[in-house]
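Here the structure is laid out as structure tokens; the discussion comes afterwards.
By convention in this document, chain letters (A, B, ...) are assigned in the order of the sequence lines, proteins followed by strands, and residues within each chain are numbered from 1.
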2 protein chains.
Amino acid sequence: MKSGIPIPTLNRLPLYYREFRRAVDNGIETMNSKELGARLFMPDTQIRKDLSYLDEQGRQRVGYDTRTMASYLEDFLGLMDEKQAVLVGVGNLARALISYPEFRRYGLQFRALFDNDPDKIGSELAGVKIVPVERIENLVQRLSVRIGIITTPAEAAQMVADQLIAGGVIAIWNFAPITLKVPAHVYVVNENLAIDFAKLSHHVQKAKV
Amino acid sequence: MKSGIPIPTLNRLPLYYREFRRAVDNGIETMNSKELGARLFMPDTQIRKDLSYLDEQGRQRVGYDTRTMASYLEDFLGLMDEKQAVLVGVGNLARALISYPEFRRYGLQFRALFDNDPDKIGSELAGVKIVPVERIENLVQRLSVRIGIITTPAEAAQMVADQLIAGGVIAIWNFAPITLKVPAHVYVVNENLAIDFAKLSHHVQKAKV
DNA sequence: TAGATTGTTAATCGATTAACAATC
DNA sequence: TAGATTGTTAATCGATTAACAATC
């Protein structure tokens, strides 16, 4: 693998993984770039280019071995390892995430949940304890957790992020509607539902005129 | 407004809206491109370029009027109108979306919820009736709904999308892990939690080595 | 006026796409 | 072998960034 994979390519790799995995599940042994492109509505040339950044190669006249590619990407994306995470802000969204079955398949494990509501603290959700936010840094550090999920209101998110990072988190999944300030080694994926909704809204708005 | 606003710019407009809105709420009357850039970690030149696509302009030596820009973007993004939506697949995620307060502020209203579980059908969630999926096309049409939200498993998503579109939906918010095939006039926003998680996962994986 | 900040033009950068040699 | 499909080189396209004239 060359080191400089373009970010747009990196963002598409999970998509390819999904298709290869599905093909394997359906007993399809090989898939060429044209077939894959048809499924994902992308030019085949983009797929070949993207996959050429990887160590694993296709075979001329045949295409890509679905099982090989699926397991290579699984490894590349780190999906087969157990990954420990904590979540801060136990609301409806948190409940949905914790019970999302796809995540368990990808090795995501919740080690602790944090909240500042005394009524929630001490209880459990899906077998995971709810703990006061004051303990974030300490507990993250003790558990060696690398992934933090923020589902708090916007006002609390930056402070929460700071504490997660202080505890050793290097990847943050941010559901709060705010742009977080983080050091360079920390990777943030923003999941901004309100902003995505604004895009939908704009499309409907445009269509009215 | 020129017609050809680049897609990356369109995707950033909701971000600008959010900052202008927050500034207004904090009593800040003007903001220049450098300040805005600092808040969003973007070059000021990108912000000026993006905003130059809009009809509303900034003022030299002053910057942008926050109230003007917020309300212009609110209008442009269609956030002030009531927008009717239906949702298909009443699980945990659906519950989280329906109770997400941000959406109500943006004018999102749920008119109907669809599911195929007999235990759910007939009951209500947040005051909205749960109806059999067989009635999607008919009900969407009767209610003139333009936005459909899909929170079903992957297997059902394409069929659901087809029915939503048949009923008149032109904007789909897809939470199912599948690439939907839709006609050109239909706009799809994919919210792929598993794929975004894979990005986080990859970052943690990389850091291990 | 001098200085600051815009909007825009031009330069750069990077990603996508087309074309094709390699090869199984 | 002939044909199909890859991986890669080169061309194109589009977005970002730098530079700066306009102007308040």
Pairs touching residues 78-98 of chain B that satisfy ring-ring contact (aromatic ring centres under 6.0 Å, His included), sequence neighbours left out | none
Quick one: do Arg18(A) and Thr179(B) satisfy side-chain hydrogen bond (donor to acceptor under 3.5 Å, both in side chains)? Show the steps, please.
-> CA-CA 10 Å; Arg18(A) 195 174 72 188; Thr179(B) 302; 2.9 Å; yes
For the residue pair Gln84(A) and Gln109(A), confirm or rule out a side-chain donor-acceptor distance under 3.5 Å.
-> yes
Return the value, rounded to whole Å, for the distance between atom CG of Leu51(B) and atom C1' of dT8(C).
-> 14 Å
Could you give the CD1-to-P distance, from Ile7(B) to dT16(D), as a whole number of Å?
-> 11 Å
Whichever of Pro6(A) and Gly58(B) has the more 5' nearest nucleotide on DNA chain C, that residue is Gly58(B)
Given atom CG of Asp65(A) and atom P of dT5(D), what is their separation to the nearest angstrom?
-> 16 Å
Using whole Å, report how far CD1 of Ile5(A) lies from P of dA15(C).
-> 12 Å
SB check Asp81(A) Lys208(B) (cutoff 4.0 Å) = yes
Stem regions touching DNA chain C, defined by at least 3 consecutive Watson-Crick or wobble G-U pairs below 3.5 angstrom = C:3-24 with D:3-24
Taking CD from Gln46(B) and C1' from dG14(D), how many angstroms apart are they, rounded to a whole number?
-> 13 Å
Protein-nucleotide distance (Leu10(B), atom CG; dA15(D), atom C1'), rounded to Å = 13 Å
Any chance NZ of Lys34(A) has more than 12 other-residue heavy atoms, nucleotides or ligands included, within less than 6.0 Å?
-> no
Are Asp25(B) and Arg22(B) ion-paired here, with the side-chain N under 4.0 Å from a carboxylate O?
-> no
Any chance the side chains of Asp50(B) and Gln46(B) put a donor and an acceptor closer than 3.5 Å?
-> no
Kindly point out which of dA10(D), dT17(D), dG7(C) is positioned nearest to the side chain of Ser52(B)?
-> dG7(C)
note: Asp44(B), atom CG; dT6(C), atom P; distance rounded to Å ~ 8 Å
Contact under 4.0 Å: Tyr64(B) side-chain N or O vs dG7(C) OP1/OP2 | yes
Is it true that a side-chain atom of Tyr72(A) and a backbone atom of Asp55(A) form a donor plus acceptor pair closer than 3.5 Å?
-> yes
Pairs involving residues 91-111 of chain A, ordered by first then second residue, that meet ring-ring contact (aromatic ring centres under 6.0 Å, His included) (sequence neighbours left out) = Tyr100(A)-Phe103(A), Phe103(A)-Trp173(A), Phe103(A)-Phe197(B)
Polar atoms only, N or O, under 3.5 Å: list the protein pairs with nucleotides 19-24 of chain C and their distances.
residue: dA22(C); atom: N3; partner: Gln60(A); partner atom: NE2; Å: 3.0

Could you list by number each residue of residues 14-40 of chain A showing a heavy-atom separation from DNA chain C of less than 4.0 Å, or answer none if no residue does?
-> none
Return yes if a side-chain donor-acceptor contact under 3.5 Å exists between Asn32(A) and Tyr64(A), otherwise no.
-> no
List in chain and number order the residues that pass side-chain hydrogen bond (donor to acceptor under 3.5 Å, both in side chains) with Asp44(B), two or more places apart in sequence or in another chain; answer none if no residue qualifies.
-> Arg48(B)
Rounded to the nearest angstrom, tell me the gap between atom CD1 in Ile47(A) and atom C1' in dT16(C).
-> 13 Å
